[in-house]
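Down below is the structure, laid out as structure tokens.
First the proteins, then the strands, lettered A, B, ... as listed; each starts at 1.
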Amino acid sequence: MNMARVDIIAGVLLCAFGIVIYFAAPLTVGEYHEVGLTPWSFPSALSAIIAVLSALLGWNGWRNRRREAANLEADPEADQETGEASATPHIFAAIVVMGLYIVGMPLFGYLLATGVALLLLSIIYGNRRWLGLFAVAAVAPPALYFFFQEVMIILLPEASLF
Amino acid sequence: MDFIFAGFDQIFHLQNILLMVGGLVIGIVIGAIPGLNVPLAVALALPFTYHMPPLAGLSMLIGIYKGGTHGGSISAILINVPGAPAAAATALDGYALARQGKAGKALKLSIYASVFGEIVSDIALILLAAQLAKIATTFGPAEFFALGLFALTIIGFVSGDSLIKGVIAGCMGLLFATVGMDPLESMPRMHFGFYELTGGLHFIAMIIGLFAISEALIQIENSLKTSASRTVIEISKKGDDNRVTWAEFKMVFPTMLRSAPLGVFIGAIPGIGSSIAAFLAYGMAKNMSKQPEMFGKGAIEGVAAAESANNGVCGATFIPLLTLGIPGDVITAIMLGAFMVHGLIPGPTLFTEQGSFVSAFMIGMLITSCLHLFVALIGLRGFIQAIKLKRSLLFPIVIVLCITGTFVAGGGQFPIYVMLGMGILGYLMIKFGFPIPPLLIGFILSPMIEDGLRQALLISDGNLDIFYGRPIAMGFLVMTAALVVWITWKQLRGQSNS
């Protein structure tokens, strides 16, 4: 990955984050009349430091962009991100499955939601041994359910839809 | 001595012993699997200990820590892939021994050396911690603020290639810790309208997200890139190749005797870590060996030195943690969180208010080290099989355990969303070259720094003399400034050289 480009993007995003938090921090606290250090002094100071350092990071990236571009011209293979590029949809899919699993747990119950999530996640990780895949999806959720409900006496979500 | 014996009756419970054994098994298995690491294992186990008594839960985590630190050597010896960075030094000679058909010998020697290192480290902890805590009981807010700032310099050591990114990550951690209630005024702040955030960011959710979910996402890339199965060297059937003879043990014992205290010394200094201890001990053993040319070609002293120093770090990292509340590395940072989750605040007050607990905990560490020997030897053949487990099978289960664990510890849906958010943040940090440990260290040290600063300024009526007039506080501030200058100089010199 082109680190100069990465640093510029990270620098700009984090600098914006720092500035927003710097101005928003006092607004998150109610009326306050004490003098000296306020509840927002520390967060504001930290966000200011983040903003300054991020600007510095972005500036460094900007300064290094020409040198990195020259390096890439000399060695074009260094910028080939085949692994990362092909993994991006898988990572996005894994995050979506995790999100759906979290939302689905109270709706469909722990057992069903966990089984389906395990199945889908295994496919995302490239597991194509269907027998083993279904075996894990069928065995692991009841085992976890038994451990938490019966051994640890902790209630897991039950299905609210049916 | 009375202090040490006070915890005996607390720790000697079947539940605690079983959890230590369980922790050791989990730790060795996870440590042995390349791609899974000790911070991930401790983070993953943390919610499971949430509903246990503190000593029982911490006993299990200690087992995972010790087992995991040693477990990395199994894959280092058998497939030349260190399960943990510190095991890279073990691989140098361990793998060479394995290729000579002496995998069993290397594995058993790594167990003996690891356990020896751990026991030396635990004894050092027991002897030194209480003494250091006595000094620390004189600390006031000014000293704690200065100590917190000093501890933040660890970020310089764990930042990797980019110091600026490490400092930004550390500041993010400090900032995240301000979400919730203001510690002095008890006013909600930084919650941005989310009622659930008034209690602060859920610590377990944060740790699991940053260390386990981010790693699981990274492993998707790895599982797509590499599908080739690893060739595991089988253990020879010949008896002599599988055991460490008495003559060999006598030969490596002086090496272990030198390496373990080196590990203890490095472990007691926050921020250096077990990798450096292992390589330093390896280098020292090579320099002092009568046959240095054998190193790298299957020298048993090489394995003994690396492993005893590597595990010698384990107990010693708890010296600054228990006495001053400073985490020495990322694992002790998570362990500090485990203490806090159980309502225990490491630092000098822990010794005065929970003396018998501290004593029981330290004796527990020693017992875990002794159990480690038996668990590792008995389960060795089983642990070797763990290396063959596939990522595509493991990581879906890891993700499900993360979500279930966070639900169990957090008691609702919101902490799981925090965990997922932190997981995505952790993944992006790795992709953008930001180190994650500084974020966690900042998050943990934030209350010490902010409370110390504000309380000190309240006491002194806003006068900064409170920091200059107190020798310990001043000493920490001077050391902090010196370390910052040194780390920055080192970084700039590295940049100009490259």
Quick check on [X] against chain A: is it the side chain, the backbone, both or neither that has a heavy atom closer than 4.5 Å?
| X | answer |
| --- | --- |
| L420(B) | side chain |
| A177(B) | neither |
| L184(B) | neither |
| L428(B) | neither |
| Y427(B) | side chain |
| S392(B) | both |
| S446(B) | both |
| H51(B) | side chain |
| I397(B) | both |

Who pairs with L155(A) by side chain to side chain contact (heavy atoms under 4.5 Å, CB included), at least two apart in sequence or on another chain?
->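 Partners of L155(A) under the side chain to side chain contact (heavy atoms under 4.5 Å, CB included) test: Q149(A).
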
Do any N or O atoms from the side chain of [X] and from the backbone of [Y] form a donor-acceptor pair under 3.5 angstrom?
| X | Y | value |
| --- | --- | --- |
| Q413(B) | I102(A) | yes |
| Y101(A) | I403(B) | no |
| R189(B) | P39(A) | yes |

Any chance you could measure [X], atom [atom1], to [Y], atom [atom2], to the nearest 0.5 Å?
| X | Y | atom1 | atom2 | value |
| --- | --- | --- | --- | --- |
| K165(B) | L53(A) | NZ | CG | 13.0 Å |
| I399(B) | L118(A) | CD1 | CG | 9.0 Å |
| F42(A) | D451(B) | CZ | CG | 9.0 Å |
| L175(B) | I50(A) | CG | CD1 | 5.0 Å |
| M98(A) | Y417(B) | CE | OH | 13.5 Å |
| I21(A) | T178(B) | CD1 | OG1 | 8.5 Å |

Can you tell which part of [X] gets under 4.5 Å to a heavy atom of chain B, answering side chain, backbone, both or neither?
| X | value |
| --- | --- |
| L57(A) | both |
| P26(A) | neither |
| L133(A) | neither |
| V103(A) | both |
| R129(A) | side chain |
| A10(A) | both |

Just say parallel, tilted or perpendicular for the rings of F395(B) and Y125(A), cut-offs at 30° and 60°.
->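 F395(B) and Y125(A): parallel rings.
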
Indicate the atoms forming the closest heavy-atom contact of M190(B) with A25(A), along with that distance.
->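 Heavy atoms of M190(B) and A25(A) come nearest at SD-CB, 3.8 Å.
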
List the atom of T28(A), the atom of H191(B), and the distance in Å for their closest heavy-atom pair.
->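 Closest approach of T28(A) to H191(B), heavy atoms only: O-NE2, 3.4 Å.
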
Determine the option with the most heavy-atom pairs under 4.5 angstrom with chain A, choosing from A216(B), P183(B), G193(B).
->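 Highest number of pairs under 4.5 Å: A216(B).
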
Please determine whether the number of non-hydrogen atoms from other residues, nucleotides or ligands lying under 6.0 Å from atom [atom1] of [X] exceeds 12.
| X | atom1 | value |
| --- | --- | --- |
| D461(B) | CG | no |
| F467(B) | CZ | yes |
| F192(B) | CZ | yes |
| L27(A) | CG | yes |
| W59(A) | CH2 | no |

Under a 4.5 Å cut-off applied to non-hydrogen side-chain atoms, are S122(A) and L393(B) in contact?
->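 When only atoms from C-beta onward are counted, L393(B) and S122(A) do not touch, as no gap falls below 4.5 Å.
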
Do F407(B) and Y110(A) come within less than 4.5 Å of each other through their side chains, counting heavy atoms only?
->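 The answer is no, as the side chains (C-beta and beyond) never meet within the 4.5 Å cut-off.
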
Pairs of heavy atoms under 4.5 Å with chain B: top-ranked of L14(A), I124(A), I49(A) =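 Maximum pair count with chain B is reached by L14(A).
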
Winner by heavy-atom pair count (cut-off under 4.5 Å) against chain B, out of H90(A), M105(A), R128(A) =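 Most pairs with chain B among the choices: H90(A).
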
Using the side chain to side chain contact (heavy atoms under 4.5 Å, CB included) rule, take F432(B) and D7(A) through it: C-alpha gap first, then chi angles, then the decisive distance, then the call.
-> CA-CA 7 Å; F432(B) 279 54; D7(A) 287 353; over 6 Å; no

I91(A)/I218(B) under side chain to side chain contact (heavy atoms under 4.5 Å, CB included): CA gap, chis, key distance, verdict | CA-CA 8 Å; I91(A) 287 160; I218(B) 286 289; over 6 Å; no

